[in-house]
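Letters A, B, ... are given to chains in the order of the sequence lines, protein chains preceding strands, and every chain is numbered from 1.
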Amino acid sequence: MKYLAVVFIASLVAFSNADGQLKIGEAGLEKDFAKNFQLNFAVPESPAFNLIEVGKSDILRPTSARELAVAVSDFTGSGDGFTIPQKFAVEFSPGLLIGGKELSLDEYQKKPWLYRLRISGATKRDDGGTGNAEMALGLRWTLVDESDLRTNTRFLGDITAITDTLTAIYVAAAKRRGPPIAGKKLTLTDGEIKTVKELNGQLKEKYEKIADEKWNARIFEVAVGTRFMAADAMGNDLVTEDLAFWSIYGHGFGNWGQLLLGPTFKLKEELDESTFSLPARFYVGSNTYKAFAEAQYSDDDSKYLLSSGGEAKLYEGVWMKFSVGAEQAEVGSDRQWNMVSKFELNIDVASLP
Amino acid sequence: MSIEKISYNRGGGPIVVEIKSGYAQPGSYGFLLWEANANQIVMEKKGNFINSDDDSYPLPAPNEANHERIAECIATVAILPDIKNYRIDMIVSQDGGELGRVLEEGESDGPTVMVDIFLQLESA
């Protein structure tokens with residue numbers, strides 16, 4: 001599976017006692033413990049996972065296509081001990097997965113929409129395995145992705161100029177070696193080794209620079225997903241519960257900010273009720289450190305969500321995220337605000353050195 | 001390790017060698033055609049993977065002169081940050097049909113990887 005470049009992102013969300021849900025209502029402050037550990041899948045978040053996740057925000061974080069991505073969530077059981085993950089999702093790009101090995105750069109550039117199309121599937125089981133199983137399927141299409149390096153002509157030209165120079169060095173070494181027979185290897189001179197290191201260093205700087213410049217590049221995605229509920233824990237007698245349509249547009253400001261707008265339309269309760277929500281999130285910062293503020297309105301009982309937080313890259317492949325917010329919910333005939341805080345540690349195993 | 005040998009039809013059409021980079025990774029290559037049993041380069045080409053239309057090279061005629069010549073591809077693949085995989089194929093064809101290929105594939109933490117693949121032609 002290594003050749004599929006699996007991106008496995010695991011994050012640990014720790015709720016301290018003080019960070020449990022606080023209900024602010026006429027009855028005063030009440031404390032309710034949320035789950036102590038929740039493994040949240042932050043980037044990328046597939047449509048199918050969004051449907052089974054009991055999340056507060058409807059926003060689908062847009063991202064460039066990966067061949068295969070896996071998400072797991074909810075590692076705690078009824079006794080607050082670790083157990084088999086209750087939620088599992090996989091998202092893959094059929095184009096990249098099936099044709100990636102021999103996919104040339106210009107073939108990709110001719111039909112980037114094909115390789116950015118992603119299919120996702122997710123399952124959810126109740127704690128103890130006795131509740132109804134849930135399953136979801138999703139389809140996501142990135143129509144515009146200005147952060148996609150494979151369609152950035154200027155960047156590719158800069159990279160290729162460096163690889164041209166590197167190749168010339170290796171070809172010169174091959175000519176010194178003679179025909180490639182009897183185990184003869186290429187040997188570089190000390191000067192060539194130094195030049196190769198410098199050129200690779202320049203390339204690495206270009207990758208870091210483009211990541212800083214393009215983290216908030218313009219992106220537009222549409223997605224559709226459907227959730228099924230089974231009559232039992234074994235997944236029998238599936239019934240369609242929800243059907244959802246997302247769109248998400250990301251617009252960058254300089255290299256310091258990004259606004260995400262993600263109108264969502266859902267058919268719920270066995271497709272009997274419809275809801276519309278409009279989440280908006282604004283990021284400020286850089287690729288490595290950023291803060292965000294989010295607001296969401298849903299016409300499902302006129303709910304509001306407000307939250308803010310931040311994320312930071314601690315180490316190559318290791319990201320920290322935190323947020324604090326409040327969601328309005330109905331309790332009987334009253335409307336109450338629930339405060340929620342979250343701390344996440346995201347680990348992208350494929351990026352780990 | 002013995003060298004990969006690929007047979008061709010001396011009476012057929014031109015032998016064509018194509019260089020390809022997979023996983024949509026950019027980079028550059030040099031192609032060398034070594035004379036049989038000699039330290040002499042018969043043909044040398046260079047290119048990159050931005051446009052794959054110009055990465056096919058017909059070998060010098062007549063076909064029988066290519067017997068035991070060695071085709072070598074030395075490529076530098078740029079490993080773009082989001083996909084660590086790379087693959088370089090050198091494909092030999094004749095009369096529209098593939099005769100054989102050598103390839104190298106793997107993963108790299110980048111930023112580049114050097115690939116050196118070669119094969120020997122045999123007249124059938």
Side-chain angles (χ1 to χ4, degrees), chain A residues 2-5 7 64-67 96 99-109 115 148-150 153 155-157 159-175 178-183 185-186 196 199-208 210-211 350-351 353, chain B residues 1-3 20-32 34-41 44 46-53 55 69-72 74-87 89 91 103 105-107 109-120:
Chain A
K2 284 195 78 175
Y3 80 92
L4 298 175
V7 175
S64 296
R66 303 299 200 260
E67 291 165 309
L96 290 178
K101 278 191 176 186
E102 294 192 56
L103 176 64
S104 69
L105 187 57
D106 58 346
E107 279 168 1
Y108 180 94
Q109 289 169 344
Y115 301 103
D148 189 347
L149 297 179
R150 285 172 174 78
T153 314
F155 173 77
L156 291 171
I159 296 299
T160 304
I162 294 176
T163 60
D164 282 348
T165 309
L166 285 166
T167 302
I169 292 171
Y170 299 134
V171 169
K175 288 177 179 174
I181 52 174
K185 290 192 186 298
L186 295 184
V196 164
L199 289 171
N200 276 311
Q202 285 176 23
L203 262 178
K204 204 170 166 200
E205 278 174 19
K206 283 189 186 295
Y207 292 161
E208 285 165 5
I210 200 87
S351 295
Chain B
M1 198 166 72
S2 60
I3 189 169
K20 291 179 79 167
S21 172
Y23 297 102
Q25 299 283 31
S28 312
Y29 64 86
F31 172 72
L32 303 173
W34 296 90
E35 183 58 89
N37 305 307
N39 187 353
Q40 182 190 341
I41 293 171
E44 180 177 356
K46 61 182 181 181
N48 60 57
F49 300 120
I50 287 179
N51 179 1
S52 60
D53 290 339
D55 296 325
R69 281 178 174 166
I70 294 175
E72 181 178 17
I74 299 156
T76 307
V77 185
I79 306 296
L80 295 184
D82 52 348
I83 296 178
K84 293 188 174 189
N85 300 78
Y86 68 91
R87 175 169 158 152
D89 288 67
I91 304 163
L103 65 97
E105 62 181 335
E107 278 183 25
D109 288 325
T112 64
V113 64
M114 192 275 285
V115 169
D116 184 9
I117 50 178
F118 42 86
L119 56 90
Q120 189 168 41

d(Ile159(A) CD1, Leu149(A) CG) to nearest 0.5 Å is 8.5 Å

Counting heavy-atom pairs under 4.5 angstrom with chain A, the leader among Ala38(B), Gly106(B), Ser52(B), Pro111(B) is Pro111(B)

Whatever's closer than 4.5 Å to a heavy atom in chain A on Ser21(B) counts as backbone

Here the gap from Lys84(B) atom NZ to Ile79(B) atom CD1, rounded to the nearest 0.5 Å, amounts to 10.0 Å

The interface call for Tyr29(B) against chain A, heavy-atom contacts under 4.5 Å, is backbone

From the list Leu199(A), Val171(A), Asp164(A), the residue making the most non-hydrogen contacts under 4.5 Å with chain B is Asp164(A)

Legend entry - Derivation and outcome, side-chain contact (heavy atoms from CB on, under 4.5 Å), residues Tyr108(A) and Tyr23(B): CA-CA 9 Å; Tyr108(A) 180 94; Tyr23(B) 297 102; over 6 Å; no

If you tally heavy-atom pairs under 4.5 Å between each of Pro26(B), Ser28(B), Ala78(B), Ala75(B) and chain A, the highest tally belongs to Ser28(B)

Applying side chain to side chain donor-acceptor pair (under 3.5 Å) to Arg150(A) and not counting sequence neighbours gives Gln25(B), Asp82(B)

Applying a strict 4.5 Å limit to non-hydrogen atoms, the region of Leu32(B) in contact with chain A is side chain

Most heavy-atom pairs under 4.5 Å with chain A, out of Asp89(B), Ile70(B), Ile50(B), belong to Ile50(B)

The interface call for Asn39(B) against chain A, heavy-atom contacts under 4.5 Å, is both

Tyr86(B) meets the side chain to side chain donor-acceptor pair (under 3.5 Å) criterion, sequence neighbours left out, with Glu104(B)

So, the part of Leu119(B) with a heavy atom under 4.5 Å from chain A: the answer is neither

The reported gap from CD1 in Ile162(A) to CG in Asn200(A) (rounded to nearest 0.5 angstrom) is 9.0 Å

Rounded to the nearest 0.5 angstrom, the CH2-NZ distance for Trp34(B) and Lys175(A) is 8.5 Å

Honestly, the part of Glu44(B) sitting under 4.5 Å from a heavy atom of chain A is side chain

